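To keep things clear, I will list the structure first and then write my remarks on it.
Every chain is numbered from 1 and lettered A, B, ... according to where its sequence line falls, protein lines coming before strand lines. Keep in mind that this is a model prediction, so the values were computed, not measured.
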Amino acid sequence: MLDRPFFDRPVLDVSRDLIGAFLAFDGVGGRIVEVEAYDEADPASHSFRGPTPRNAVMFGPPGHAYVYKIYGIHFCLNFVCRPGSAVLIRALEPQAGLPRMHERRGGVVEKQLCSGPGKLAQALGINLDHNGLALDRPPFLVRPADDSHPIATGPRIGITKGMETPWRFVLAGSPFLSKPLSPERKAL
DNA sequence: GGAGGGATTGGCT
DNA sequence: GCCAATCCCTCCG
């Protein structure tokens with residue numbers, strides 16, 4: 001079980017170590033195959049301009065869920081690390097509760113159940129009610145990766161600032177990513 | 001008090 | 001590839 005000490009570390013270390021970890025929400029989830037790191041010095045981060053009502057959880061204790069709504073439609077799930085930093089969970093390899101994922105996501109193929117931050121939140125049933133919940137107890141369950149995985153990094157997706165910062169981490173070669181990594185780079 | 005915009009997705013050209 | 005959908009949060013007046 002991953003709890004506060006795991007998340008009370010530099011956000012890049014946490015991001016790398018989350019690749020291959022298992023995430024479930026109310027028994028629905030899978031292996032984390034794609035994340036992105038954000039911190040307070042980063043113009044792409046919600047925490048860049050300091051604490052506000054929306055991002056308050058990012059400045060709270062490590063090991064909690066920061067959930068926000070994007071484009072008025074979708075939800076995105078982050079894991080809070082040290083104050084002002086968080087890891088956006090972007091894609092899972094579905095492993096648990098697949099029938100419920102399919103119900104929530106409609107008639108998509110398995111590869112597309114959790115291949116993006118909004119899709120993942122929809123498949124797991126995560127919304128603003130879950131903002132601020134601790135990650136080390138139900139309905140959340142986060143378990144460490146049981147062995148090492150080939151990790152690749154690259155630029156983050158969809159942002160309009162900080163595009164040059166290669167803080168996207170993926171499980172190299174996974175077919176469950178939101179987008180292929182290009183060009184492929186070695187992990188730090 | 002109000003306008004502008006976003007760490008996305010899915011559908012259409 | 002392009003673009004609309006749709007909610008607050010943030011910032012400015």
Side-chain angles (χ1 to χ4, degrees), chain A residues 7 10-16 18-19 21 23 25 30 32-60 62 64-94 101-133 135 151-171 174-182 185:
Chain A
F7 294 101
V11 66
L12 295 181
D13 292 347
V14 176
S15 298
R16 183 195 57 219
L18 280 173
I19 296 299
L23 160 68
F25 183 80
I32 297 173
V33 297
E34 176 179 347
V35 302
E36 286 176 1
Y38 291 86
D39 81 7
E40 197 172 359
D42 169 9
S45 173
H46 288 180
S47 58
F48 182 62
R49 295 172 194 283
T52 66
R54 175 174 68 152
N55 66 19
V57 173
M58 278 187 84
F59 291 90
H64 289 245
Y66 169 48
V67 182
Y68 65 88
K69 193 176 226 181
I70 185 73
Y71 298 115
I73 305 176
H74 305 288
F75 299 103
C76 294
L77 170 66
N78 299 253
F79 293 169
V80 176
C81 297
R82 288 176 174 169
S85 71
V87 182
L88 171 67
I89 310 301
R90 290 190 53 90
L92 298 182
E93 174 181 338
M101 287 193 190
H102 280 287
E103 281 173 29
R104 290 164 175 158
R105 291 277 300 125
V108 304
V109 298
E110 188 171 322
K111 267 196 310 195
Q112 296 175 162
L113 282 173
C114 299
S115 58
K119 300 176 187 178
L120 181 160
Q122 184 184 19
L124 271 57
I126 287 172
N127 59 55
L128 289 185
D129 293 341
H130 310 120
N131 187 35
L133 292 186
L135 298 171
I151 294 173
T153 66
R156 293 171 295 183
I157 307 262
I159 53 174
T160 56
K161 302 161 202 156
M163 276 105 89
E164 68 290 348
T165 312
W167 284 2
R168 181 184 182 215
F169 294 74
V170 306
L171 177 58
S174 170
F176 297 94
L177 304 181
S178 63
K179 290 181 181 169
L181 189 70
S182 57
R185 300 193 202 183

What is the distance, to the nearest angstrom, from the [atom1] atom on [X] to the [atom2] atom on [N]?
{"X": "Arg90(A)", "N": "dT9(B)", "atom1": "CZ", "atom2": "P", "value": "7 Å"}
{"X": "Lys69(A)", "N": "dC7(C)", "atom1": "NZ", "atom2": "C1'", "value": "5 Å"}
{"X": "Phe75(A)", "N": "dC9(C)", "atom1": "CZ", "atom2": "P", "value": "12 Å"}
{"X": "Ile70(A)", "N": "dA5(C)", "atom1": "CD1", "atom2": "C1'", "value": "13 Å"}
{"X": "Ile73(A)", "N": "dG11(B)", "atom1": "CD1", "atom2": "P", "value": "12 Å"}
{"X": "Asn127(A)", "N": "dC7(C)", "atom1": "CG", "atom2": "P", "value": "15 Å"}
{"X": "Phe169(A)", "N": "dA7(B)", "atom1": "CZ", "atom2": "P", "value": "19 Å"}
{"X": "Lys111(A)", "N": "dG10(B)", "atom1": "NZ", "atom2": "P", "value": "15 Å"}

Go through it in stages, so that I can follow the logic: the residues are Leu23(A) and Leu77(A), the test is side-chain contact (heavy atoms from CB on, under 4.5 Å), and I'd like the CA-CA distance, side-chain angles, deciding distance and then a yes or no. CA-CA 11 Å; Leu23(A) 160 68; Leu77(A) 170 66; 4.0 Å; yes

Measure the shortest side-chain to side-chain distance between [X] and [Y] over non-hydrogen atoms and say whether it is less than 4.5 angstrom.
{"X": "Tyr66(A)", "Y": "His46(A)", "value": "yes"}
{"X": "Ile19(A)", "Y": "Glu34(A)", "value": "no"}
{"X": "Leu18(A)", "Y": "Phe79(A)", "value": "yes"}
{"X": "Val170(A)", "Y": "Val33(A)", "value": "no"}
{"X": "Pro155(A)", "Y": "Arg168(A)", "value": "no"}
{"X": "Arg156(A)", "Y": "Thr165(A)", "value": "yes"}

Identify the nucleotide, in any strand shown, that forms a Watson-Crick or G-U wobble pair with dC12(B), with both distances under 3.5 Å; if there is none, say none.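 Per the H-bond distance test, dG1(C).
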
Quick one: look up who dT6(C) pairs with, Watson-Crick or G-U, both distances under 3.5 Å, and put none if it's unpaired. none

Are Phe25(A) and His130(A) close enough that their ring centers fall under 6.0 Å? yes

Within residues 44-52 of chain A, find the residues that approach DNA chain C with a heavy atom at under 4.0 Å, and present them sorted by residue number.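 The stretch gives Arg49(A), Thr52(A) as the residues lying under 4.0 Å from the strand, ordered by number.
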
Gap in Å between the two [atom1] atoms, one belonging to [N] and one to [M], rounded:
{"N": "dC3(C)", "M": "dG5(B)", "atom1": "C1'", "answer": "16 Å"}
{"N": "dC12(B)", "M": "dT6(C)", "atom1": "P", "answer": "15 Å"}
{"N": "dG4(B)", "M": "dA4(C)", "atom1": "P", "answer": "16 Å"}

Is there aromatic stacking of Tyr71(A) against dA5(C), centre distance under 5.5 Å, plane angle under 30°? no

Select one nucleotide: of dA7(B), dT9(B), dC8(C), the one nearest the side-chain heavy atoms of His74(A).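 Closest nucleotide to the His74(A) side chain: dT9(B).
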
What is the nucleic acid contact for Thr160(A), judged by heavy atoms within less than 4.0 Å: base, sugar-phosphate only, or nothing? sugar-phosphate

Give one of base, sugar-phosphate or nothing for Arg156(A), where a contact means two heavy atoms less than 4.0 Å apart. nothing

Assuming nearest nucleotide by heavy-atom distance, tell me which of Ile159(A) and Lys119(A) is located more 5' along DNA chain B.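 It is Ile159(A) whose nearest nucleotide is closer to the 5' end.
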
Counting only side-chain nitrogens and oxygens, does Arg105(A) get under 4.0 Å of the OP1 or OP2 atom of dG10(B)?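 Result: yes.
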
